[in-house]
There are 2 protein chains.
Amino acid sequence: MGVARTIGADEAGVVKDTATEAWERMREITHDPQVLGQLQALADEAGIIPGAAKALRFLSTTEPMAMRRLAANLRCDNSYVTTIVDSLEEAGVARREAHATDRRIKVIVLTDAGRTLAGRAQEILGTPPPAFELLSPAETEILRDLMRKLGSAAKPTST
Amino acid sequence: MGVARTIGADEAGVVKDTATEAWERMREITHDPQVLGQLQALADEAGIIPGAAKALRFLSTTEPMAMRRLAANLRCDNSYVTTIVDSLEEAGVARREAHATDRRIKVIVLTDAGRTLAGRAQEILGTPPPAFELLSPAETEILRDLMRKLGSAAKPTST
DNA sequence: TATTGTTATACTCTATAACTATA
DNA sequence: TATAGTTATAGAGTATAACAATA
(Lines give C-alpha, C1' and ligand atoms only; values in the text may rest on other atoms or scores of the structure.)
Protein backbone atom coordinates (compact mmCIF):
# COMPACT_ATOMS: atom_id res chain seq x y z
CA MET A 1 0.00 0.00 0.00
CA GLY A 2 1.06 3.56 -0.34
CA VAL A 3 2.73 2.85 -3.64
CA ALA A 4 1.41 5.17 -6.30
CA ARG A 5 0.68 2.89 -9.19
CA THR A 6 -1.03 3.26 -12.47
CA ILE A 7 -4.55 3.77 -11.35
CA GLY A 8 -7.43 1.81 -12.68
CA ALA A 9 -6.44 -1.83 -12.32
CA ASP A 10 -4.56 -4.10 -10.03
CA GLU A 11 -3.05 -7.50 -10.51
CA ALA A 12 -6.08 -9.39 -9.29
CA GLY A 13 -8.15 -7.82 -12.00
CA VAL A 14 -10.27 -6.08 -9.40
CA VAL A 15 -10.54 -2.44 -10.18
CA LYS A 16 -10.78 -0.31 -7.11
CA ASP A 17 -11.69 2.99 -8.54
CA THR A 18 -10.69 6.37 -7.27
CA ALA A 19 -14.01 7.22 -5.69
CA THR A 20 -14.10 3.95 -3.80
CA GLU A 21 -10.66 4.43 -2.40
CA ALA A 22 -11.42 8.01 -1.43
CA TRP A 23 -14.60 6.89 0.29
CA GLU A 24 -12.98 4.06 2.18
CA ARG A 25 -10.22 6.29 3.41
CA MET A 26 -12.69 8.98 4.42
CA ARG A 27 -14.57 6.47 6.48
CA GLU A 28 -11.43 5.23 8.12
CA ILE A 29 -10.28 8.68 9.07
CA THR A 30 -13.58 9.90 10.43
CA HIS A 31 -14.34 6.74 12.37
CA ASP A 32 -11.36 7.43 14.57
CA PRO A 33 -11.85 5.49 17.79
CA GLN A 34 -9.83 8.08 19.65
CA VAL A 35 -12.64 10.59 19.38
CA LEU A 36 -15.03 8.16 20.98
CA GLY A 37 -12.46 7.47 23.65
CA GLN A 38 -12.12 11.11 24.56
CA LEU A 39 -15.86 11.51 24.74
CA GLN A 40 -16.09 8.45 26.91
CA ALA A 41 -13.51 9.91 29.27
CA LEU A 42 -15.48 13.14 29.47
CA ALA A 43 -18.62 11.20 30.27
CA ASP A 44 -16.92 9.17 32.96
CA GLU A 45 -15.50 12.27 34.54
CA ALA A 46 -18.83 14.07 34.53
CA GLY A 47 -20.79 11.04 35.66
CA ILE A 48 -23.07 10.95 32.65
CA ILE A 49 -23.74 8.20 30.14
CA PRO A 50 -21.79 8.44 26.88
CA GLY A 51 -24.93 9.21 24.92
CA ALA A 52 -25.45 12.28 27.07
CA ALA A 53 -21.98 13.48 26.17
CA LYS A 54 -22.86 13.31 22.49
CA ALA A 55 -26.03 15.21 23.18
CA LEU A 56 -24.11 18.04 24.82
CA ARG A 57 -22.84 18.97 21.42
CA PHE A 58 -26.27 20.17 20.41
CA LEU A 59 -27.01 21.88 23.69
CA SER A 60 -23.87 23.95 23.77
CA THR A 61 -24.45 27.28 22.18
CA THR A 62 -28.14 27.56 21.54
CA GLU A 63 -30.87 28.71 23.79
CA PRO A 64 -32.83 26.11 25.75
CA MET A 65 -33.88 23.29 23.49
CA ALA A 66 -37.08 21.29 23.55
CA MET A 67 -36.51 17.62 24.18
CA ARG A 68 -38.21 16.76 20.96
CA ARG A 69 -35.77 18.88 19.05
CA LEU A 70 -32.82 17.17 20.65
CA ALA A 71 -34.28 13.87 19.53
CA ALA A 72 -34.39 15.20 15.99
CA ASN A 73 -30.79 16.36 16.18
CA LEU A 74 -29.61 13.05 17.54
CA ARG A 75 -31.87 11.16 15.15
CA CYS A 76 -33.14 9.03 17.94
CA ASP A 77 -36.45 8.36 19.58
CA ASN A 78 -38.00 10.68 22.16
CA SER A 79 -37.84 7.96 24.75
CA TYR A 80 -34.07 7.83 24.55
CA VAL A 81 -33.91 11.57 25.09
CA THR A 82 -35.69 10.96 28.36
CA THR A 83 -32.87 8.63 29.36
CA ILE A 84 -30.25 11.13 28.28
CA VAL A 85 -31.77 14.09 30.09
CA ASP A 86 -32.28 11.97 33.20
CA SER A 87 -28.56 11.35 33.15
CA LEU A 88 -27.76 15.04 32.64
CA GLU A 89 -30.04 16.04 35.46
CA GLU A 90 -28.69 13.49 37.90
CA ALA A 91 -25.19 14.79 37.26
CA GLY A 92 -26.24 18.41 37.72
CA VAL A 93 -25.36 19.25 34.14
CA ALA A 94 -28.79 20.33 33.01
CA ARG A 95 -32.36 20.57 34.18
CA ARG A 96 -35.79 20.43 32.64
CA GLU A 97 -37.90 23.56 32.58
CA ALA A 98 -41.41 24.15 31.39
CA HIS A 99 -41.93 25.89 28.10
CA ALA A 100 -43.33 29.39 28.44
CA THR A 101 -46.44 28.95 26.38
CA ASP A 102 -46.89 25.28 25.55
CA ARG A 103 -46.97 23.27 28.73
CA ARG A 104 -46.57 19.97 26.95
CA ILE A 105 -43.04 20.94 26.09
CA LYS A 106 -40.03 20.71 28.38
CA VAL A 107 -36.87 22.57 27.53
CA ILE A 108 -33.38 21.52 28.51
CA VAL A 109 -31.41 24.21 30.30
CA LEU A 110 -27.70 23.76 30.96
CA THR A 111 -26.25 24.63 34.34
CA ASP A 112 -22.97 26.52 34.52
CA ALA A 113 -21.11 23.25 34.90
CA GLY A 114 -23.08 22.01 31.94
CA ARG A 115 -22.03 24.85 29.73
CA THR A 116 -18.39 24.19 30.48
CA LEU A 117 -18.83 20.53 29.78
CA ALA A 118 -20.71 21.24 26.57
CA GLY A 119 -17.89 23.40 25.36
CA ARG A 120 -15.46 20.59 25.90
CA ALA A 121 -17.69 18.09 24.15
CA GLN A 122 -18.01 20.42 21.22
CA GLU A 123 -14.27 20.77 21.10
CA ILE A 124 -13.69 17.04 21.13
CA LEU A 125 -16.13 16.41 18.34
CA GLY A 126 -15.32 19.49 16.33
CA THR A 127 -11.55 19.53 16.41
CA PRO A 128 -9.91 18.05 13.35
CA PRO A 129 -7.38 15.31 14.10
CA PRO A 130 -3.66 16.12 14.10
CA ALA A 131 -3.27 14.65 10.64
CA PHE A 132 -4.87 17.79 9.26
CA GLU A 133 -1.63 19.59 9.92
CA LEU A 134 -0.16 17.61 7.07
CA LEU A 135 -2.28 19.62 4.67
CA SER A 136 -1.20 23.01 3.44
CA PRO A 137 -3.66 25.87 3.85
CA ALA A 138 -4.46 25.62 0.16
CA GLU A 139 -5.11 21.90 0.40
CA THR A 140 -7.30 22.42 3.43
CA GLU A 141 -9.42 24.84 1.45
CA ILE A 142 -9.69 22.42 -1.42
CA LEU A 143 -10.77 19.74 0.99
CA ARG A 144 -13.37 21.98 2.55
CA ASP A 145 -14.74 22.87 -0.86
CA LEU A 146 -14.97 19.24 -1.86
CA MET A 147 -16.81 18.48 1.36
CA ARG A 148 -19.22 21.32 0.72
CA LYS A 149 -19.90 19.90 -2.68
CA LEU A 150 -20.46 16.40 -1.35
CA GLY A 151 -22.61 17.72 1.45
CA SER A 152 -24.79 19.79 -0.81
CA ALA A 153 -26.42 16.59 -1.99
CA ALA A 154 -27.63 15.87 1.52
CA LYS A 155 -30.85 13.99 1.73
CA PRO A 156 -33.89 16.24 1.83
CA THR A 157 -34.85 14.92 5.30
CA SER A 158 -38.49 15.60 4.73
CA THR A 159 -40.47 17.17 7.58
CA MET B 1 -33.56 22.90 10.63
CA GLY B 2 -32.69 22.91 6.99
CA VAL B 3 -31.98 26.61 6.88
CA ALA B 4 -28.80 27.24 4.94
CA ARG B 5 -26.90 30.02 6.62
CA THR B 6 -23.77 31.84 5.71
CA ILE B 7 -21.01 29.46 6.59
CA GLY B 8 -17.79 30.53 8.23
CA ALA B 9 -19.07 32.57 11.10
CA ASP B 10 -22.07 32.44 13.31
CA GLU B 11 -23.94 35.08 15.15
CA ALA B 12 -21.92 34.55 18.31
CA GLY B 13 -18.86 35.87 16.55
CA VAL B 14 -17.11 32.53 16.61
CA VAL B 15 -15.16 32.01 13.43
CA LYS B 16 -15.12 28.46 12.26
CA ASP B 17 -11.88 27.86 10.46
CA THR B 18 -11.39 25.97 7.27
CA ALA B 19 -10.02 22.77 8.75
CA THR B 20 -12.79 22.62 11.32
CA GLU B 21 -15.45 23.04 8.72
CA ALA B 22 -13.86 20.43 6.47
CA TRP B 23 -13.67 18.02 9.37
CA GLU B 24 -17.23 18.53 10.49
CA ARG B 25 -18.52 18.04 7.00
CA MET B 26 -16.43 14.94 6.55
CA ARG B 27 -17.91 13.48 9.67
CA GLU B 28 -21.40 14.32 8.59
CA ILE B 29 -20.98 12.72 5.20
CA THR B 30 -19.36 9.54 6.41
CA HIS B 31 -21.76 9.04 9.29
CA ASP B 32 -24.55 8.58 6.80
CA PRO B 33 -27.38 6.77 8.58
CA GLN B 34 -28.43 5.25 5.29
CA VAL B 35 -25.41 2.96 5.24
CA LEU B 36 -26.35 1.66 8.66
CA GLY B 37 -29.89 1.19 7.44
CA GLN B 38 -28.83 -0.93 4.51
CA LEU B 39 -26.64 -3.04 6.70
CA GLN B 40 -29.48 -3.47 9.15
CA ALA B 41 -31.73 -4.64 6.33
CA LEU B 42 -29.11 -7.17 5.25
CA ALA B 43 -28.85 -8.44 8.80
CA ASP B 44 -32.61 -8.76 9.16
CA GLU B 45 -32.84 -10.65 5.91
CA ALA B 46 -30.05 -13.03 6.83
CA GLY B 47 -31.26 -13.50 10.39
CA ILE B 48 -28.06 -12.28 11.98
CA ILE B 49 -27.44 -9.50 14.46
CA PRO B 50 -26.29 -6.20 12.93
CA GLY B 51 -22.88 -6.53 14.50
CA ALA B 52 -22.39 -9.77 12.61
CA ALA B 53 -23.13 -7.96 9.36
CA LYS B 54 -20.35 -5.51 10.09
CA ALA B 55 -18.04 -8.40 10.83
CA LEU B 56 -18.74 -9.96 7.43
CA ARG B 57 -16.77 -7.18 5.90
CA PHE B 58 -13.58 -8.60 7.32
CA LEU B 59 -14.44 -12.18 6.56
CA SER B 60 -15.21 -11.63 2.92
CA THR B 61 -12.15 -12.16 0.84
CA THR B 62 -9.53 -13.60 3.09
CA GLU B 63 -8.88 -17.15 4.11
CA PRO B 64 -10.37 -18.40 7.38
CA MET B 65 -9.74 -15.96 10.16
CA ALA B 66 -9.03 -16.66 13.81
CA MET B 67 -11.63 -15.24 16.15
CA ARG B 68 -8.99 -13.26 17.93
CA ARG B 69 -8.04 -11.57 14.70
CA LEU B 70 -11.62 -10.61 13.99
CA ALA B 71 -11.75 -9.01 17.42
CA ALA B 72 -8.69 -6.97 16.51
CA ASN B 73 -10.23 -5.89 13.23
CA LEU B 74 -13.47 -4.89 14.87
CA ARG B 75 -11.62 -3.36 17.79
CA CYS B 76 -13.82 -5.14 20.22
CA ASP B 77 -13.37 -7.69 22.96
CA ASN B 78 -13.01 -11.39 22.27
CA SER B 79 -16.16 -12.09 24.18
CA TYR B 80 -18.20 -10.05 21.75
CA VAL B 81 -16.76 -12.03 18.85
CA THR B 82 -18.20 -15.10 20.51
CA THR B 83 -21.62 -13.46 20.33
CA ILE B 84 -21.11 -12.50 16.71
CA VAL B 85 -19.92 -15.90 15.56
CA ASP B 86 -22.74 -17.56 17.46
CA SER B 87 -25.11 -15.47 15.40
CA LEU B 88 -23.33 -16.31 12.15
CA GLU B 89 -23.39 -20.00 12.93
CA GLU B 90 -27.03 -20.08 13.91
CA ALA B 91 -27.91 -18.49 10.60
CA GLY B 92 -25.77 -20.91 8.62
CA VAL B 93 -23.52 -18.15 7.40
CA ALA B 94 -20.29 -19.42 8.91
CA ARG B 95 -18.95 -22.14 11.15
CA ARG B 96 -16.10 -22.56 13.57
CA GLU B 97 -13.28 -24.88 12.68
CA ALA B 98 -10.22 -25.95 14.59
CA HIS B 99 -6.90 -24.44 13.65
CA ALA B 100 -4.55 -26.92 12.00
CA THR B 101 -1.69 -26.64 14.42
CA ASP B 102 -2.77 -24.62 17.45
CA ARG B 103 -5.79 -26.18 19.01
CA ARG B 104 -6.58 -23.21 21.19
CA ILE B 105 -7.51 -21.27 18.08
CA LYS B 106 -10.81 -21.48 16.22
CA VAL B 107 -11.07 -20.13 12.73
CA ILE B 108 -14.19 -18.75 11.14
CA VAL B 109 -15.09 -20.32 7.82
CA LEU B 110 -17.80 -18.84 5.66
CA THR B 111 -20.38 -21.08 4.02
CA ASP B 112 -21.38 -20.48 0.41
CA ALA B 113 -24.32 -18.43 1.58
CA GLY B 114 -21.93 -16.59 3.83
CA ARG B 115 -19.63 -15.68 1.00
CA THR B 116 -22.49 -14.19 -0.96
CA LEU B 117 -23.66 -12.26 2.05
CA ALA B 118 -20.15 -11.03 2.79
CA GLY B 119 -19.84 -9.70 -0.73
CA ARG B 120 -23.01 -7.72 -0.28
CA ALA B 121 -21.89 -6.35 3.06
CA GLN B 122 -18.61 -5.30 1.53
CA GLU B 123 -20.47 -3.57 -1.26
CA ILE B 124 -22.73 -1.67 1.12
CA LEU B 125 -19.84 -0.43 3.19
CA GLY B 126 -17.45 0.17 0.33
CA THR B 127 -19.64 1.92 -2.19
CA PRO B 128 -19.35 5.69 -2.18
CA PRO B 129 -22.64 7.51 -1.72
CA PRO B 130 -24.41 9.01 -4.76
CA ALA B 131 -23.11 12.46 -3.89
CA PHE B 132 -19.74 11.41 -5.25
CA GLU B 133 -21.18 11.75 -8.73
CA LEU B 134 -21.16 15.48 -8.15
CA LEU B 135 -17.37 15.42 -8.32
CA SER B 136 -15.52 15.48 -11.60
CA PRO B 137 -12.94 12.74 -12.18
CA ALA B 138 -10.21 15.27 -11.46
CA GLU B 139 -11.84 16.34 -8.21
CA THR B 140 -12.26 12.73 -7.19
CA GLU B 141 -8.57 12.16 -7.67
CA ILE B 142 -7.74 15.22 -5.65
CA LEU B 143 -10.00 14.00 -2.89
CA ARG B 144 -8.39 10.57 -2.91
CA ASP B 145 -4.95 12.10 -2.71
CA LEU B 146 -5.96 14.29 0.21
CA MET B 147 -7.37 11.25 1.99
CA ARG B 148 -4.16 9.33 1.38
CA LYS B 149 -2.26 12.18 2.91
CA LEU B 150 -4.52 12.36 5.94
CA GLY B 151 -4.45 8.60 6.32
CA SER B 152 -0.70 8.39 6.15
CA ALA B 153 -0.54 9.78 9.66
CA ALA B 154 -2.48 6.79 10.91
CA LYS B 155 -1.60 5.54 14.34
CA PRO B 156 1.12 2.87 14.30
CA THR B 157 -1.25 0.25 15.73
CA SER B 158 1.55 -1.87 17.07
CA THR B 159 1.41 -5.65 16.54
C1' DT C 1 2.80 -19.29 33.03
C1' DA C 2 0.58 -17.14 29.00
C1' DT C 3 -2.95 -17.37 25.42
C1' DT C 4 -7.58 -18.52 22.96
C1' DG C 5 -11.98 -18.68 23.38
C1' DT C 6 -16.42 -19.14 26.40
C1' DT C 7 -19.66 -18.00 30.17
C1' DA C 8 -21.80 -15.09 33.33
C1' DT C 9 -22.99 -10.75 34.18
C1' DA C 10 -23.81 -5.90 33.87
C1' DC C 11 -24.25 -1.45 31.79
C1' DT C 12 -25.42 1.19 27.86
C1' DC C 13 -27.87 2.05 23.43
C1' DT C 14 -32.01 2.33 21.25
C1' DA C 15 -36.63 1.38 19.74
C1' DT C 16 -41.80 0.14 20.23
C1' DA C 17 -45.97 0.36 22.60
C1' DA C 18 -48.87 2.06 26.00
C1' DC C 19 -49.73 5.91 28.83
C1' DT C 20 -50.45 10.95 30.82
C1' DA C 21 -50.97 15.65 30.27
C1' DT C 22 -51.81 19.22 27.38
C1' DA C 23 -53.31 21.50 23.03
C1' DT D 1 -57.87 14.14 17.80
C1' DA D 2 -52.91 15.16 17.74
C1' DT D 3 -48.60 16.20 20.13
C1' DA D 4 -44.70 16.18 24.03
C1' DG D 5 -42.81 13.57 27.07
C1' DT D 6 -42.57 9.29 30.27
C1' DT D 7 -42.67 4.38 31.58
C1' DA D 8 -42.11 -0.35 30.76
C1' DT D 9 -39.89 -3.44 28.37
C1' DA D 10 -36.89 -5.78 25.27
C1' DG D 11 -33.19 -6.64 21.96
C1' DA D 12 -28.77 -5.42 20.74
C1' DG D 13 -23.85 -3.62 21.56
C1' DT D 14 -20.10 -4.09 24.41
C1' DA D 15 -16.95 -4.79 28.27
C1' DT D 16 -14.99 -7.13 32.61
C1' DA D 17 -13.97 -11.00 35.30
C1' DA D 18 -13.65 -15.79 36.03
C1' DC D 19 -12.89 -19.97 33.72
C1' DA D 20 -11.39 -24.17 30.63
C1' DA D 21 -8.40 -25.95 27.32
C1' DT D 22 -4.21 -25.74 25.21
C1' DA D 23 0.53 -24.07 24.44
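From a predicted model like this one, the values you see are computed outputs, not experimental measurements. The sequence lines fix the lettering, A, B, ..., with proteins before strands; numbering per chain opens at 1. All values below were derived from every heavy atom in this structure, side-chain atoms included, with hydrogens, water molecules and symmetry-related copies excluded.
Across all their heavy atoms, A:Thr18 and B:Thr140 have their closest contact at CG2-O, 3.7 Å. Shortest non-hydrogen contact noted between B:Ile84 and B:Ala55 is CG2-CB, 3.9 Å. Scanning both residues, A:Ala118 and A:Leu56, for their nearest heavy atoms gives CB-O, 3.8 Å. The two residues B:Arg57 and B:Gln122 make their nearest non-hydrogen contact at O-OE1, 3.3 Å. B:Tyr80 and B:Ile49 get closest at one heavy-atom pair: OH-CD1, 4.4 Å. Among all heavy-atom pairs drawn from B:Ser87 and B:Gly47, the shortest one is OG-O, 4.5 Å.
If you check residues 46-57 of chain A against DNA chain C, the residues with a heavy atom closer than 4.0 Å are A:Ile49, A:Pro50, A:Gly51, listed by number. Across residues 99-107 of chain A, A:Arg104, A:Ile105, A:Lys106 each have a non-hydrogen atom less than 4.0 Å from an atom of DNA chain D (numbered order). Listed by residue number, the members of residues 83-91 of chain A with any heavy atom below 4.0 angstrom from DNA chain D form an empty set.
A straight line from CZ of B:Arg96 to C1' of C:dT4 spans 12 Å, rounded to a whole angstrom. The distance from atom CZ of A:Arg68 to atom C1' of C:dT22 is 14 Å, rounded to the nearest whole Å.
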Please tabulate, one pair per line, each protein N/O and nucleotide N/O from nucleotides 16-20 of chain C that are separated by under 3.5 Å, including the distance.
residue	atom	partner	partner atom	Å
C:dT16	O4	A:Ser79	OG	2.9

Practice task
Would you please test B:Leu143 and A:Leu143 for side-chain contact (heavy atoms from CB on, under 4.5 Å) and show each step?
Solution key: CA-CA 7 Å; B:Leu143 175 60; A:Leu143 176 59; 4.2 Å; yes
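The salt bridge (Lys or Arg N to Asp or Glu O under 4.0 Å) check on B:Arg115 picks up B:Asp112, with sequence neighbours excluded. Annotation: ring pair (Phe, Tyr, Trp, His ring centres under 6.0 Å) contacts of A:His31 (sequence neighbours excluded): B:His31. In this view, A:Glu97 and A:Arg95 satisfy the salt bridge (Lys or Arg N to Asp or Glu O under 4.0 Å) rule, not counting sequence neighbours.
Pairs of residues two or more places apart, or lying in two chains, that qualify as salt bridge (Lys or Arg N to Asp or Glu O under 4.0 Å) and include a residue from residues 127-140 of chain A are A:Glu139-B:Lys149. Counting only residues at least two apart or in different chains, salt bridge (Lys or Arg N to Asp or Glu O under 4.0 Å) contacts with residues 35-55 of chain A comprise A:Glu45-A:Arg120.
In the hydrophobic clustering, where aliphatic and aromatic side chains (Ile, Leu, Val, Met, Phe, Trp, Tyr) are joined below 4.5 Å either directly or transitively, A:Ile105 groups with A:Val107, A:Val109. Hydrophobic clustering, defined by side-chain heavy atoms of Ile, Leu, Val, Met, Phe, Trp and Tyr closer than 4.5 Å, leaves A:Leu134 isolated from every other such residue.
The residues A:Asp17 and B:Arg144 are annotated as not salt-bridged, no charged nitrogen and carboxylate oxygen being separated by less than 4.0 angstrom.
For DNA chain D, the outermost nucleotides in 5' to 3' order that have an atom under 4.0 Å from a heavy atom of chain B are D:dA12 to D:dA23.
B:Arg69 comes within contact range of no nucleotide atom at all, as no heavy-atom separation falls under 4.0 Å.
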